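Nothing here was measured: the structure is a model prediction, and the numbers come from that model.
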Amino acid sequence: MARETNANGDNFPGSFLSDLAEILSIVHQDGNKMITDALFLGEITILKQVNNRLPEGPFSESHIVGSAGEGVPSLDIFSNESDVDIMAVARSWFVFERHAPEKARENIQCLQFDDSDTLPGYVKLKLIQEDSNRSTEEVPLFLSSSEVRNNVFDINRDLSSDHMYSQMSRLLGHKLSISWFSNGPSFSASIETDDQNVLTRGLAHVKSVDSVVALKCREWPKIAEEWIERRREFDWPGGALIEEAVEKGCYLVPIGGHQSQCEELEWRISFVLAERLLIRNMNFIQRFVYAILKTIRKEIFGHFSAIISSYIIKTAVLWVSEENDVSNWEPGFVLRYVRLCFLKILNFLQVGFCPNYFMRKCNLFQAKYSENERLGLIYVITDFVNPSRFLITINILKSIDNIRRYMYNYLKMARSHLSWIRNIRNEAAFRFSSEDTINQFMDNVFNGQEEAFPEVAIQTLSLLLTLVKKNSDNLSLTLKETMIEMLSCLQIRTASSVTFRNSGLLTLQQRFEILKRLLNDSKLQVANLSVGGITQVAHAFFSFGCIEHCLELLLPMLETSRSKPQVRMNSYMSLFYLILANVCNGDMADSRPVINIQFYPFELPLLTNDIRFEALVLKFQQELYSRRAVGMQQFHFNLTLDPLVYACYMKFKCKRLVGDNIGSCLALKEFEEMVFSGVSHRYVALNLLGCCLYENGHKEKAVSMFGRSIRCNEEF
């Protein structure tokens with residue numbers, strides 16, 4: 001086990017945290033991509049849902065910030081302190097400090113920084129009038145942070161209650177309560193649940209969701225120019241990272257400085273995205289130290305923890321990272337840097353000034369404590385960092401003991417298999433978190449307009465494809481490839497539904513040429529498509545009556561599926577099955593899991609009568625359950641099919657259409673085997689199988705399948 005030393009060279013033998021850091025650094029290698037993937041999908045979903053619920057879509061951006069956005073949660077699974085912080089950026093304001101826009105923008109109000117009579121780190125936002133006849137001697141008008149904050153709270157309280165309750169109850173069950181309150185600049189929802197389901201217990205640790213509306217300033221403010229120019233002995237952050245942070249600009253959140261004479265008008269300057277960027281680019285040990293500090297903060301500071309907030313902890317980590325060579329941040333020195341961060345906070349308290357990392361003149365301790373509280377904190381930290389007691393004190397903390405018992409002991413037993421665990425996580429977990437999540441993502445992004453009108457859907461899909469390609473360098477290869485395939489295939493389906501309205505006047509060859517052009521425009525390579533991708537492209541040809549081309553796509557894919565078992569990503573157990581398949585069957589490593597295909601209302605004219613009937617049944621169920629869901633958002637149903645089931649169904653139909661009776665009988669047998677091979681939404685598959693059996697003359701067996709479908713649907 002590695003030995004710990006403090007900054008003065010004293011030894012800290014016996015700490016398991018160094019060993020844990022070394023183990024986790026192996027397991028979490030390249031783990032940042034998973035965080036980035038989740039944030040990318042989450043931020044798009046939040047922005048779409050918020051804009052759908054408010055008139056004229058008032059927000060241009062949404063960002064998940066704080067611990068969730070940084071990917072640095074508490075290490076203690078029993079801390080019950082997890083929260084999610086969301087920042088929505090208002091669209092209708094252009095904020096600047098020195099460089100006004102060259103010309104006025106329609107429906108955009110310009111605001112200029114005014115730092116007169118404000119505390120460092122805060123500004124007033126002066127309304128810039130377009131009327132050139134307005135006298136410059138008139139009293140300037142300012143946008144009140146207090147009024148904006150109150151208005152946002154009233155709007156969100158009215159709009160959010162039913163929506164958030166229905167969303168949370170889907171995840172955590174119905175035994176939960178949500179209370180709404182104003183928290184500084186944020187609108188907060190406090191969540192309590194007694195959920196004990198092992199699959200959702202992690203979600204039950206989400207105790208609050210904090211939402212703040214911010215204004216974006218694309219300029220880097222003068223007060224933070226020192227951060228760009230100051231000398232850094234150890235070159236952290238480096239020049240390229242500094243440039244990227246500056247490009248993020250800053251944000252204005254509606255809260256004034258404590259005890260400021262302009263508190264009702266002041267807006268706080270925030271570098272939340274620049275902070276998130278720096279923390280995401282820290283090495284693993286830097287983030288591990290940050291996680292330890294967040295884990296033990298409340299236990300160390302007790303009733304002083306409101307003063308030494310998580311933001312003060314973050315600030316200390318950033319300063320210590322800049323002032324020490326990050327190349328020396330290794331697992332064996334975890335406690336050294338934990339102690340250095342506490343010493344940095346102690347130094348801030350001793351001088352009574354905690355400089356914001358980006359704005360050195362901004363004191364984060366401004367009006368935060370009394371003199372007695374300051375002295376009390378100095379005593380607490382001085383006692384904690386005492387070299388003779390530091391290791392003993394940190395080892396007996398309850399939160400540290402929880403980490404030892406419920407994380408370290410299990411990982412230590414798996415130490416000899418760490419690289420296997422990492423590979424499984426990178427391969428299997430990536431696929432589960434990206435591929436299976438995408439259908440859920442589309443559920444949230446596609447609202448009523450997209451689902452009903454293909455023209456609107458095409459616009460949304462084009463925007464999503466642009467966002468994926470724009471952020472391609474930040475996303476995992478798995479998510480990027482899967483998103484591009486899924487969105488492109490759905491784009492082909494959507495364009496096909498538009499064309500289908502006029503296809504009665506087109507010849508078969510003309511329809512084929514249209515589909516061929518759509519496929520070429522998408523730049524998809526059929527040979528590289530997943531099972532779901534091939535099935536969706538084949539569906540487009542099938543719907544247009546291009547039977548031979550449909551079979552050309554389906555037959556090789558189904559043959560491969562028989563010789564190489566496919567793993568379906570359609571349940572919580574799917575990840576386990578995929579891991580097992582990778583372990584037991586090495587050639588599964590390159591296979592792509594099967595995920596279900598969702599059909600939307602605008603596609604109904606293209607679907608067969610069998611499937612349209614299923615859609616009508618689902619619509620009836622939706623209306624039935626929505627009437628029962630008193631006080632909650634309506635239940636939502638989409639027609640969902642396993643791609644292999646649908647491929648077998650299309651193969652049978654194609655064989656019947658070309659008059660291949662023997663081929664259709666063989667296809668029907670293959671279809672039946674597929675339905676009973678562990679698919680989800682089996683009741684739909686059984687109904688389709690029953691329809692095919694009836695069509696092929698097996699009426700009694702068809703009735704049996706319809707009966708089994710009814711029983712499956714009742715269980716579902």
A.B. asks: Does any donor atom in the side chain of Arg612 or Asn609 lie under 3.5 Å from an acceptor atom in the other side chain?
C.D. replies: yes
A.B. asks: Name the orientation class of the two ring planes belonging to Tyr649 and Phe671 (parallel below 30°, tilted from 30 to 60°, perpendicular beyond 60°).
C.D. replies: perpendicular
A.B. asks: Grab the two heavy atoms, one from Ile597 and one from Arg493, that are nearest each other, plus how far apart they are.
C.D. replies: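 Heavy atoms of Ile597 and Arg493 come nearest at CG2-NH1, 3.7 Å.
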A.B. asks: Side-chain donor-acceptor pair under 3.5 Å between Thr36 and Asn474, yes or no?
C.D. replies: no
A.B. asks: Between the side chain of Ser62 and the main-chain N/O of Glu43, is any donor-acceptor distance below 3.5 Å?
C.D. replies: yes
A.B. asks: Inspect the surroundings of CD in Glu147 and state if more than 12 heavy atoms from other residues, nucleotides or ligands are less than 6.0 Å away.
C.D. replies: no
A.B. asks: Donor-acceptor check, side chain of Gln109 to backbone of Ile128, threshold 3.5 angstrom: yes or no?
C.D. replies: yes
A.B. asks: Does Arg276 use its side chain to pair, donor to acceptor, with the backbone of Val65 at less than 3.5 Å?
C.D. replies: no
A.B. asks: Take the angle between the ring planes of Phe541 and Phe512 and call it parallel below 30°, perpendicular above 60°, tilted in between.
C.D. replies: tilted
A.B. asks: Do Gln509 and Glu513 pair up side chain to side chain, a donor and an acceptor below 3.5 Å, judged on atom types alone?
C.D. replies: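 There is such a pair between these side chains.
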A.B. asks: Does one side chain, of Tyr600 or Ser497, offer a donor that lies under 3.5 Å from an acceptor on the other?
C.D. replies: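 Side chains of Tyr600 and Ser497: no pair found under 3.5 Å.
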A.B. asks: Is there a donor-acceptor contact under 3.5 Å from the side chain of Gln449 to the main chain of Val456?
C.D. replies: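 It does not hold such a pair.
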A.B. asks: Determine the minimum heavy-atom distance between Leu508 and Phe544, stating which atoms define it.
C.D. replies: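 For Leu508 and Phe544, the tightest heavy-atom pair comes out as CD1-O, 3.7 Å.
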A.B. asks: Any donor-acceptor pair under 3.5 Å linking the side chain of Ser522 with the backbone of Leu519?
C.D. replies: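 Checking the backbone N and O of Leu519 against the side chain of Ser522, a donor-acceptor pair under 3.5 Å is found.
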